[in-house]
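Below: the structure, in structure tokens.
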Amino acid sequence: MNMDKNKVYIFDTTLRDGEQVPGCQLNTVEKIQLAKALETLGVDVIEAGFPISSPGDFNSVIEISKAVTWPTVCALSRAVEKDIDMAAEALKYAKHGRIHTGIGTSDSHIQYKFRSNREEILERAVKAVKYARKYVDDVEFYAEDAGRTDNEYLARVVEAVIKAGATVVNIPDTTGYCLPAEYGEKIKYLMEHVDGIDKAIISTHCHNDLGMATANTMAGILNGARQVEVTINGVGERAGNTALEEIAMILKAHKLDVHTDINTQKIYGLSRMVSSLMNMPVQANKAIVGKNAFAHSSGIHQDGVLKNAQTYEIIDPQEVGVDTNSIVLTARSGHAALKFRLESLGVNLDEETLNKVYQEFLKLADKKKEIHDDDILMLAGADRAKDNHIKVDWLQASSGIGMKPVASIGVDISGEKFTAAATGNGPVDAAINAIRQIIKKPVTINEFTIQGVTKGSDDTCKVHMQVGSGHQICYGFGSDTDIVTASIEAYVDCLNKIRG
Ligand code: KIV
Ligand code: ZN
């Protein structure tokens, strides 16, 4: 990587750290789709997976390496030779490949996780970097739990791994514990105390457990970090990682001396794509990409914005690809209009799939007047359920004032047909009770959210569900203009994901 001192390199880990969200795993085809969209967005590095962790991750790193041209493709490993071997093997088709290896450096990791001591960990770190350098010229080292690592020891580790050949050194706040001033100080300390620091890029990797991931990442940049590890929509386990869109727009909105190469107009499309592929709703008040991020509801604000948008808007929504004047598709919109809208949301479909999506689009347009971005992303993703072994053939539910809700259902399980009927405290409960008579697995519903896409009684609703079965937790998604159908789709989506 040729270092530009005023550039903040964007290392996207949506496909690795982001994808660790329980129930949000993507298949290889979806990962390739996302990787290509990230390339168009202008990210510098795509962390494509942790090859030793599963054959799926190994394959995804291979396929993403083949699919993208410009970004560096990065594979994660522990500071263990067999992990590094696997990472190198998975990267063999990468035009620019990077191995990301590392080890915990905080006293609690050293003492409890490794039952080791500081000197031994330092040696293992150096050995891993040297070993990885045998395979690739670009090796990133992570000092796991650096946020809680003593700065003096951390500086010794950073110096030693740079000497061993690390090109990038990642300082993760793994637990999301640091205060922004503390994290900034840590980066400053390293910049000032590590011999040879100019030979490597210092990277931030902040988690959002206390809601400080973006603030900590900014503190890192302001003190000399020149790579940031981020995810779209801030997805990631627990409270998630630093959100790519927030850092890109902070750097754009503030006149700092640094820039990114992010094509910010692609942000909104990527955000919708990740939300749709991972079945993870974006909270309405999420900065930059939330539904309400640019919606002024108070009278005073609306009046100001109408007079001059700058009164209350620090970012023009169009800069992030939110087109407030975007054409809403209707039943009269043609194939080309649908293709154009999908492409502007980052979805490029082959002609055959596009034709199928167009037919579904026409059916939906018959049911509701206006088709919005979320509707067409759902239609584009509907095909993902086609290989499910449990499918709903038909469903009938009735409910109303003064009557007991009742539902009957026909289900196809790997080609075998079953029917059942049940009552419940509402039509959704009745339909789920009916399925429970057919599929007797003990399944508990832990989370059940119903969201409208836009407005109006003819709106499409999106249902997100999380179920538990034994030790497994699965997420499911459904969407339809019929609330019972969408709920049952989500429930069946969960059932299809339960193993065993
Ligand atoms: O949060 C963390 O420490 C990580 C490392 C594996 C880079 O994700
Ligand atoms: Zn992490």
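For ligands, and for the atoms within them, numbers begin at 1 and follow the listed sequence.
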Q.
I'd like to know if the side chain of Glu246 and the backbone of Thr214 have a donor-acceptor N/O pair within less than 3.5 Å.
A. no

Q. Are any of the side-chain nitrogens in Arg148 or Asp145 under 4.0 Å away from the carboxylate oxygens of its partner?
A. yes

Q: Check whether any side-chain N or O of Tyr93 sits under 3.5 Å from a backbone N or O of Ala67 as a donor-acceptor pair, and report yes or no.
A: no

Q.
Looking at Lys92 and Glu89, is any side-chain nitrogen of the basic one under 4.0 Å from a carboxylate oxygen of the acidic one?
A. yes

Q | Salt bridge Glu119-Arg156, side-chain N to carboxylate O under 4.0 Å | A | yes

Q. Under 3.5 Å, is there a donor-acceptor pair between the side chain of Asp83 and the main chain of Arg78?
A. yes

Q. Are any of the N or O atoms of Asp17 closer than 3.5 Å to those of ligand 1?
A. yes

Q) Mind checking whether Arg16 has a heavy atom under 4.0 Å from ligand 1? A) yes

Q. Among protein heavy atoms, which lies nearest atom 4 (C) of ligand 1, and at what distance?
A. His205 NE2, 3.5 Å

Q) Is it true that Arg16 and Asp57 have a side-chain N and a carboxylate O under 4.0 angstrom from each other? A) no

Q) Should the proximity of Glu229 to ligand 1, defined as any heavy atom under 4.0 Å, be assigned to the side chain, the backbone, both, or neither? A) neither

(Q) Treating Ser60 as the side-chain partner and Gly56 as the backbone partner, does any N or O pair qualify as donor plus acceptor under 3.5 Å? (A) yes

Q | Numbered atoms of ligand 1 (with element) below 4.0 Å of Glu144, judged on heavy atoms | A | 3 (O)

Q. Salt bridge or not for Glu47 and Arg98, using N-O below 4.0 Å?
A. no

Q: List the closest protein heavy-atom neighbour of atom 1 (O) of ligand 1: residue, atom name, distance to the nearest 0.1 Å.
A: His207 NE2, 3.0 Å

Q. Where does Asn170 meet ligand 1, judged by heavy-atom distances below 4.0 Å: at the side chain, the backbone, both, or neither?
A. side chain

(Q) Which of the protein's N, O or S atoms come within less than 2.8 Å of the Zn ion (ligand 2), not counting waters? (A) Asp17 OD2, His205 NE2, His207 NE2

Q. Starting from atom 3 (O) of ligand 1, which protein heavy atom do you reach first, and at what distance in Å?
A. Thr174 OG1, 2.7 Å

Q) If every non-hydrogen atom of Leu26 is compared with every non-hydrogen atom of Leu277, which pair is closest and at what distance? A) CD2-O, 3.5 Å

